[in-house]
Every structure is written in structure tokens, then in C-alpha cells.
Amino acid sequence: ESFRQDPYPILEALREQAPVLEDRELGRFVYTRHDDVKALLHDKAFYTDPRKANPGTFSREVIGRTLGAGDNPSMLLMDEPEHRRLRSLVSAPFKPHAIERWRPHIRDIVEATLDRIEGDEFDLIGQFAGPVPTVVIAEMLGVDPERHEQFKQWSDLMVQVGFTPFPTEEQSRVGEEAGLALDNYLLELIAARTDTPGEDLLGDMLRAEVEGEKLTPVEIVAQCRLLLIAGNVTTTDLIGNGVKALLEHPEQLRKLREKPELIGNAVEEMLRYDSPVTNSGRIPDRDISIGGCPVAAGSSLSTSLAAANRDPAIYPDPDVFDIEREDTHHQSFGGGRHLCLGAHLARIEAQEAILGLLRRYPGLEQSDRGFVYHAIPSFRGMSEFWVRGGEAGRGSPAQ
């Protein structure tokens, strides 16, 4: 429980005393130094498909089971050449300039979400940081507004089950039903749009063609699922963790209110300081030695992104939250071939959500009702975060 509240002192001790830790209980090696983590994530020959890990290892037994590797792992767990083909087909709509055109629309979604909040005290996660990314993805995919609520329920249920290492039978059943319903809905959408693709993300994926190759409907559905499951929970966590960091550092909050143009750098610092994704992993294709410790091919290597982001060898005063920090590079979006495809979308959503929230609530502060960290392994964020808006000082929507 204390680790969930604040993992950083334990990660610091690991980084100093056992930077390469052999975790015999779970069958893996854990890396906590920035340069080791970076080297592992950037090695293009390493695998991510859990089926390629040795039996009994963490990748094979835990990741393989929870992320539903099945016969068709998502792009997150796919290796070459399939990964390269799929990524080249879906990457165009996620390039920064393509995502940037959605910014005004994302701003509108933020304002509409703020308009629906009633009362002075509210749960920032349930009423703001949760809905914004889901509505953004729903709109980007061209989901009918009447289906947004249903769409959010399906994706929430899939997230809860998708990241629970040992789901109950009931959880598994509910998650599978939600997944099937979502898949069927998406397949209907794709069938209806195939001849007349719109100017949205679904249309972009239907039109995508690289060297005569196109995406199949099943691949498009898998990509949408990945966006919903991996994209929504992480963006919600980024907004929640970012606002919490600001409220806990009033001088940084004041600085951002006075200079909203710092928001780009502020979000990078939020990603470094309290990363929504805390771990990633790789499987070496050969016997290697990283960090001075030899490991065999097929081992499970866990990289602690959260520890790497606070390595004092790289960042001066790593535990200080500073939105004007000059070097805010971080490992929060992973690296190498599997660098997060939705990174720019997450950045824009966080920038617009946090600025919109601060404009609307000039007196924003934490409420006595506190916060609760969720128990999703490898993801750091809150299931509840209660704030007060300071109703008397309520700002107006951005013009």
C-alpha cells in the first residue's frame, strides 16, 4: 500500500543498491538506472511478444496472460516484421501535424466536460480526467454521440479486466462481453464506412495503404482497442497526476497560471516526475550483459520507467517538480520501435485539459475527501481525486 502511495523512495533504494535486480519470485530482471533502461528499450533486436520468453518467466506467464496475447498480440506486443507493417499503416494519423489539427476540437471537448461539472467539490477523475480522453477517441473514430456513454462503459470494463493479473471468473466474463460488444460495434462502423471513409481516424485507417498493403477490419478493430485500453487510462492518469503535482507545488501552479505558454514543458515535466506508465519490458534475442549483469536469451527484462525518470545521474534534483526544468526528456512513452504511437495525442489532451481546468477554476485546490490510487500493475494513477473549484472564483469558459 505504501508503495502504491509513493513508490519513489523504494525505487531510489533499488537504483542505488541493486540497479539490476534478479526477481526470482516472478522470474525476471528489473532495471532501474536511466541508461540501462534506455539501452534495453532501444535495442531493435529484442522481442516484446511474450510467447518468445522462456517458460516460467514474468513475460511469458504474467504479461502473456493479462494482455490477452492469444494468437494475435496487439501491436504493443508484436515483433518484426508484422510490427513494422502494422505500424507503418497506422502511424500517419498519429504524426504530430496530423494530431495537431484535432487541438481545437479537443479544447471544445474539455470545455463541454467542464460545463457538465456541478457543485464546488468534485472527483477530478470521474468527472473530468476520465471522460475527456474517452470522448476524444470516440469523436476521432466517428462514434455516434448517442453511443458515447455506451462506448465509455465498454472501454472502462475492458480496462478493468485487461490490466488485472488475476481476474475473477465474473470479471473475465463481463470484460469479454464488453470486448465482444465493442468489437461488433466497431466492425459495423467499419463496414458502413468502407466505401465512404470520413475525415476521421477510422477513415484515415481505412484509406491507409503502404506498398499495396491495407489494414484488415480485424487489424483496425485491434488498433481501436489498443487506443481505448492503453490510450485512455494512461491519458486519464497523466491529467490526474499532473494536476495533483501542481496542487502540491503551489509556486509551480502560480507560475503556470501566470505563463500558460509553459504548458508544453509543464506536461513533459509531469510525465517525468510522475509517469502514468511505470514499467515496460523486453525479451533479449541473445545472451547479453547490460548494467554489468549477464542474462540469458529469452529472459524477462522489466524496465522501471519511473525509476529511470528520477535518476540523479541524468537529472539534477530529480525529486523536485519544476515546470521550467530545461531537460525534461523522459522514458514515459517507452522507446525504440515501440515508442508510444499516441504520445502526441496524449500531450495535446493533457495540455488542453489542464489549461482549461485552471482557467475555469482560478481557486482550484485539493479537497479533504482526498484521493485513492488504483491498483492496476504498471500504471500509476488515481481512481478518485477530489478537488474543490472555489466556486466564488469560478472562471469563465475560454473564448
Side-chain angles (χ1 to χ4, degrees), residues 96-117 120 122-137 139-140 231-232 234-276 321-326 328 330 332-333 342-367 371 381-382 385-399:
H97 68 275
I99 289 294
E100 204 56 56
R101 71 187 168 101
W102 287 94
R103 190 186 285 269
H105 196 54
I106 291 170
R107 194 170 294 158
D108 291 343
I109 290 169
V110 166
E111 294 301 328
T113 309
L114 287 167
D115 288 342
R116 282 193 291 276
I117 295 174
D120 183 44
F122 60 97
D123 172 16
L124 186 87
I125 304 300
Q127 291 177 264
F128 183 65
V132 167
T134 313
V135 175
V136 169
I137 289 293
E139 300 242 336
M140 287 180 78
N232 282 351
T234 50
T235 309
T236 294
D237 290 348
L238 169 56
I239 296 167
N241 295 355
V243 171
K244 184 167 177 284
L246 286 169
L247 294 180
E248 287 175 351
H249 298 83
E251 71 295 344
Q252 299 297 314
L253 175 60
R254 192 175 63 249
K255 206 184 286 181
L256 184 57
R257 286 191 183 283
E258 286 167 4
K259 294 192 203 162
E261 64 274 16
L262 288 174
I263 190 63
N265 204 67
V267 167
E268 297 312 302
E269 175 68 345
M270 291 162 188
L271 282 158
R272 183 201 71 79
Y273 179 77
D274 204 10
S275 174
F321 176 67
D322 175 11
I323 66 169
E324 289 186 287
R325 184 181 287 275
E326 285 183 10
T328 53
H330 51 75
S332 304
F333 288 126
H344 201 67
L345 177 59
R347 288 182 161 113
I348 291 184
E349 289 182 82
Q351 290 166 10
E352 293 301 329
I354 291 167
L355 279 187
L357 180 76
L358 296 185
R359 269 195 306 265
R360 187 69 66 100
Y361 294 105
L364 190 71
E365 59 184 4
Q366 287 202 44
S367 144
F371 51 85
M382 295 166 284
F385 179 31
W386 289 86
V387 296
R388 272 197 303 269
E391 193 69 36
R394 183 163 175 142
S396 59
Q399 296 307 313

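These values consider heavy atoms only, across backbone and side chains, with no hydrogens, waters or symmetry-generated copies. Here the structure is a predicted model, which means the values were calculated and not measured.
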Going through the checks in order, is the side chain to side chain contact (heavy atoms under 4.5 Å, CB included) test met by Arg360 and Glu111?
-> CA-CA 9 Å; Arg360 187 69 66 100; Glu111 294 301 328; 2.6 Å; yes
Between Val387 and Phe128, is a side chain to side chain contact (heavy atoms under 4.5 Å, CB included) present by the stated rule, with each step listed?
-> CA-CA 11 Å; Val387 296; Phe128 183 65; over 6 Å; no
Intermediate values then yes/no, side chain to side chain contact (heavy atoms under 4.5 Å, CB included), Val136 and Asn232 = CA-CA 9 Å; Val136 169; Asn232 282 351; over 6 Å; no
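Leu238 has its side chain out of reach of Asp274: every pair of non-hydrogen atoms, C-beta onward, lies at least 4.5 Å apart. When side chains are defined from C-beta on, Ile354 counts as touching Leu246, because their heavy atoms get closer than 4.5 Å. Side-chain contact between Val135 and Thr113: absent, with no pair of heavy atoms (C-beta onward) separated by less than 4.5 Å. Between Leu114 and Leu357 the shortest side-chain heavy-atom distance falls below 4.5 Å.
Leu253 contributes atom CG, which lies 10.0 Å from atom CD of Glu258 (distance to the nearest 0.5 angstrom). Residue Asp108 holds its CG atom at 9.0 Å from CD of Glu139, rounded to the nearest 0.5 Å. To the nearest 0.5 Å, atom CG of residue Asn241 and atom CG of residue Leu271 are 9.5 Å apart. Once rounded to the nearest 0.5 Å, the distance linking CD1 of Ile263 with CG of Leu256 reads 4.5 Å.
Residues that satisfy the salt bridge (charged side-chain N to carboxylate O under 4.0 Å, His left out) test with Glu268, not counting sequence neighbours, are Arg347. Applying the side chain to side chain contact (heavy atoms under 4.5 Å, CB included) test to Gln366 and every residue at least two apart in sequence or in another chain returns Lys244, Leu247, Glu248, Phe371, Phe385. Scored by the salt bridge (charged side-chain N to carboxylate O under 4.0 Å, His left out) test, Asp237 finds no partners at all (sequence neighbours excluded). Residues meeting the salt bridge (charged side-chain N to carboxylate O under 4.0 Å, His left out) test with Arg101, sequence neighbours left out: Asp204. Applying the side chain to side chain contact (heavy atoms under 4.5 Å, CB included) rule to Arg103 yields the partners Glu100, Arg107, Ile348, Gln351, Glu352; only residues at least two apart in sequence or on another chain are considered. Partners of His249 by ring-ring contact (aromatic ring centres under 6.0 Å, His included), not counting sequence neighbours, listed by chain and number: Tyr273, Phe321. Annotation: side chain to side chain contact (heavy atoms under 4.5 Å, CB included) contacts of Glu324 (sequence neighbours excluded): Lys255, Lys259, Leu262, Asp322. Remark: Ala98 pairs with no residue by the side chain to side chain contact (heavy atoms under 4.5 Å, CB included) rule, at least two apart or across chains. Applying the side-chain hydrogen bond (donor to acceptor under 3.5 Å, both in side chains) criterion to Trp102, with sequence neighbours excluded, gives no partner residue. For the side-chain hydrogen bond (donor to acceptor under 3.5 Å, both in side chains) test, no residue two or more places apart in sequence or in another chain qualifies with Thr235.
Here the closest non-hydrogen pair linking Leu345 and Ile99 is CA-CG2, 3.8 Å. Residues Leu355 and Pro260 approach most closely at CD2-CB, 3.9 Å, considering heavy atoms. The nearest pair of heavy atoms linking Ser332 to Arg272 is OG-N, 4.2 Å. Considering every non-hydrogen atom in both Leu358 and Arg257, the closest pair reads O-NH1, 2.7 Å. Across all non-hydrogen atoms, the minimal contact from Ala350 to Ile239 is CA-CG1, 4.0 Å. Smallest separation of non-hydrogen atoms from Arg325 and Thr328: O-CG2, 3.4 Å.
Atom CD of Glu326 sits in a sparse spot, with 12 or fewer heavy atoms from other residues, nucleotides or ligands closer than 6.0 Å.
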